[in-house]
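Step one of this worksheet: look at the structure below.
Model, not experiment: these values are computed from the prediction. Starting from 1, each residue takes its place in the sequence as its number.
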Amino acid sequence: MLKRGLRGKPRGPFAIEWGNMMIELPRRSALGMLVATPFAASGLGGSTFPKVTVFEARTVITMEPSRPSCRFVAVADGVIVALGDSLAELEPWTKGRDMTLDRSFAGQVIMPGLIDPHIHPMQAAVMLNIPFIAPDEWRLPSGTSPSALTPADYRRRLADALAGSTDNPFVTWGYHDLFHGPLSKADLDAMAPGRAVVVWQRSFHDIIVSSAMLEQWGIGSAADFAALLGTVKADPEHGDYARGLFTETGLLAAVGKLRPVLLGPGKIAKGMDGLQAMMRRGGVTTVSDMTTGIFADFATEAGLIKAAFDRPESAARVMLMPSASLLDHVPDLDGWVTTATRNFAGPHIRIDRRVKLFADGAFFALNMRMNPPGYIDGHLGRWLTEPKALSAQLRRYWDAGFAMHIHVNGDEGLDVVLDGIATLSPRRGQTITLEHLGYSTEAQNRRIAGLGLLVSAQPNYIRVLGDVYGRQGLGPGRAEVINRLGSLERKGVPMGLHSDFNMAPIDPLYLAWIAANRITLEGKVKAPAERITLEKALRAITIEAAQVIGMDGLIGSIAPGKKADLAVLDRDPRAGGAAGLRDIKVAGVVFEGRYSAA
């Protein structure tokens, strides 16, 4: 039985393409046929079959080399069963079965559901509850936050936000000293005397607080400040009492104090709803949480994410991943994975044998470790994990059979990581992914390819920082080759592009546009040879993004046997070339066969 599915207003006569014929019927006659045609879904031996839905599109971009495009996708029980350029081609799967033809996307373009292989759902849920004041513009569920590119812009916006809020403490995100000028607790005290204020730096790795905030936390001296850092075993250098700064490992001390405010009643549920709205708007059906347990322990965060996503109406799945710092204290790794899977895995939640490791500091904070000539001002970056400890983690988790994801940003940090990886014994079926990879040299890219590594890149570094880091920080010659991704493509390295929200928007097509064009906030093209091709850009948000999280057998392309995850676009991304990627609009997503509007 053939049923016609159509969302929105009718689009003219009912049309059936069968064999070489297109049969058009008046709507009334078509409905009469549907009502008058009884059908019992049955097959050989009386076996029952699931209902089949056939989605029609102007074109379907499969990301499969053997069949790059088609017009129809047949889906049953959330799984793709067949592709075709005509309904007749699908007859082996549809003839004699309960089948619905959904023509809602007949004038649109379908791609695989897009993938963001590195976000932090809890971070997103927290951040979506506070005002953004950043160098770059942000489109958020709450509205658009314009860019603030100068110190005057930032201070005016911060003063307005303070005046318009009664929050205690007041928390904001997006400050960056190279755009907004110096900022310390003294500046905050002058702007908001006696008020508890928290400014989260653009990297997320730094927090600056006012004196009143420290007083609420019981911190009245440098000794009290040092003692607070000691409660989380932070590097003593990762904080500055005079400035009111908590950075890198010291950030955990501030987050611990802020937890009751950030995780207050209703905030996480509201933030998770906003996160899922952004994912639908970006065409995203799968994300990986690259460190479950930032604001609370793993079990608490996993439970909150499961409550938000593991619902029938949710249009996405989340992979959860522990950090090495968590598992370092777990003697029975097999038991931990088994228990976590039993407690939290579900239809929308996945836990694999994967672990997140950390090398050097944040790129947006100029905390990455850089080889000579280092930084213009002579400062050194920071280690999140000291090299000796990192090497021990690499050996432990590799030998225990874990796929490893390694946060690394600077070329000195990358040397330590690559040297550690080179000592590991080859193991079939295990992968190592370099996360972010803000700055690498051509020689290091050759090592990455030679070691068979994967890369999950953060392309927004070149977009936001390519100009300003040329003037301060890295200097010309190095700043222009931030995100040396064209080199990786030429060497055949599999690559995903990620947002690490809120380091970049959850908008894979925008990230693809950045990587394929390398245009900065000031409108300059940086190192055009490091642009990736249009084909690579599309692969990096679909099949190769799936590969870096080990899910390319299930998602990332449109092929029989894979999950029926689709992104519905208003145009063909191949038609407008790399320059047109950011102009594409997402109408909605199909998650395991069920449509949700953007």
Side-chain angles (χ1 to χ4, degrees), residues 120 122-123 126-127 129-134 154 158 167-178 180-192 195-263 291 293-297 323 325 358-369 379-386 407 409 500 502-503:
H120 302 283
M122 281 292 292
Q123 178 178 323
V126 166
M127 291 292 147
N129 286 303
I130 66 177
F132 282 33
I133 311 174
Y154 183 80
L158 179 56
D167 289 350
N168 181 25
F170 172 85
V171 185
T172 182
W173 172 87
Y175 162 76
H176 197 293
D177 63 326
L178 297 189
H180 303 141
L183 190 70
S184 68
K185 72 176 180 181
D187 296 307
L188 298 179
D189 294 346
M191 293 185 71
R195 188 166 180 186
V197 179
V198 177
V199 172
W200 227 306
Q201 200 261 1
R202 178 66 177 74
S203 69
F204 181 79
H205 287 227
D206 292 5
I207 280 179
I208 301 168
V209 303
S210 68
S211 296
M213 186 76 269
L214 289 176
E215 289 168 7
Q216 284 189 22
W217 294 346
I219 307 299
S221 68
D224 293 338
F225 189 90
L228 177 59
L229 293 180
T231 63
V232 294
K233 300 180 180 179
D235 185 325
E237 298 297 318
H238 291 189
D240 184 339
Y241 174 69
R243 191 180 170 197
L245 171 69
F246 297 84
T247 182
E248 300 298 0
T249 60
L251 176 71
L252 298 177
V255 168
K257 289 293 188 179
L258 287 168
R259 190 174 293 122
V261 174
L262 300 176
L263 308 187
T291 309
I294 295 175
F295 291 92
D297 57 74
S323 67
S325 60
F358 293 84
D360 56 341
F363 205 89
F364 270 106
L366 283 174
N367 282 339
M368 61 279 194
R369 296 285 305 203
H379 84 273
L380 301 176
R382 305 181 191 273
W383 293 109
L384 293 176
T385 308
E386 290 293 332
H407 165 118
N409 271 314
D500 190 19
N502 44 336
M503 298 306 100

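- Closest approach of A365 to S203, counting heavy atoms only: CB-OG, 3.6 Å.
- Between D177 and Q201, the side chains place no donor N or O within less than 3.5 Å of an acceptor N or O (distance only, hydrogens not considered).
- Using a 4.5 Å cut-off on side-chain heavy atoms (C-beta onward), L245 and K185 make no contact.
- Checked against the 6.0 Å centroid criterion, the rings of F246 and F225 qualify as a close aromatic pair.
- Checking S211 against D189 by side-chain atom types alone, a donor-acceptor pair falls below 3.5 Å.
- For the residue pair Q123 and M503, the shortest heavy atom distance occurs at NE2-CE, 4.3 Å.
- At distances below 3.5 Å, not a single donor-acceptor pair connects side-chain atoms of D167 with backbone N or O atoms of P169.
- The backbone N or O of L178 sits less than 3.5 Å from a side-chain atom of H176, completing a donor-acceptor pair.
- F132 is not listed as a side-chain neighbour of W200, based on a closest heavy-atom distance of 4.5 Å or more.
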### Candidate pair M213 and L188, rule side chain to side chain contact (heavy atoms under 4.5 Å, CB included), full reasoning
CA-CA 10 Å; M213 186 76 269; L188 298 179; over 6 Å; no

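- The line from OG1 of T291 to CD1 of I294 is 5.5 Å long, rounded to the nearest 0.5 Å.
- The local environment of CD in E386 is crowded, with over 12 non-hydrogen atoms from other residues, nucleotides or ligands closer than 6.0 Å.
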### Query
Do I207 and L258 pass the side chain to side chain contact (heavy atoms under 4.5 Å, CB included) test, and can you show the C-alpha distance, the side-chain angles, and the key distance before you say yes or no?
CA-CA 11 Å; I207 280 179; L258 287 168; 4.0 Å; yes

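- Counting heavy atoms from C-beta outward, V197 and M191 have side chains that stay 4.5 Å or more apart.
- The minimum heavy-atom distance linking G250 with L229 is given by the pair CA-CD2, 3.8 Å.
- Counting only heavy atoms from C-beta outward, the side chains of L214 and D224 never approach each other to under 4.5 Å.
- Between K233 and L252 the shortest side-chain heavy-atom distance does not fall below 4.5 Å.
- Smallest separation of non-hydrogen atoms from F358 and S323: CE1-CB, 4.3 Å.
- The minimum heavy-atom distance between R202 and N502, with the atom names listed, is NH1-O, 3.4 Å.
- Between I133 and W173, the closest side-chain pair of non-hydrogen atoms is not below 4.5 Å.
- Side chain of E248 to backbone of A362: a donor-acceptor contact under 3.5 angstrom is found.
- Listed for the D360 side chain is a donor-acceptor partner under 3.5 Å among the backbone atoms of N409.
- Between the side chains of H238 and T247, no donor N or O sits under 3.5 Å from an acceptor N or O.
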### Query
Does the pair H205 and N367 meet the rule for a side chain to side chain donor-acceptor pair (under 3.5 Å), with working shown?
CA-CA 9 Å; H205 287 227; N367 282 339; 6.0 Å; no

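- Counting only distance, with no hydrogens or angles, the side chain of T249 and the backbone of D235 share a donor-acceptor pair below 3.5 Å.
- A donor-acceptor pair under 3.5 Å links the side-chain atoms of R243 to the main chain of L183, judged by distance alone.
- A donor-acceptor distance shorter than 3.5 angstrom exists from the side chain of T172 to the backbone of P131, with no hydrogens or angles considered.
- Taking the side chain as every heavy atom from C-beta outward, F363 and D500 never approach each other to under 4.5 Å.
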### Message
Run the ring-ring contact (aromatic ring centres under 6.0 Å, His included) test on Y175 and F364 for me, step by step, so that the C-alpha distance in whole Å, both residues' side-chain angles and the decisive distance to 0.1 Å come before the verdict.
### Response
CA-CA 10 Å; Y175 162 76; F364 270 106; over 10 Å; no

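- In terms of modelled atom types and a separation under 3.5 Å, the side chain of S210 and the main chain of R195 share a donor-acceptor contact.
- M127 is listed as a side-chain neighbour of F204, based on a closest heavy-atom distance under 4.5 Å.
- The two atoms that bring Q216 and A196 nearest to each other are NE2-CB, 3.5 Å, heavy atoms only.
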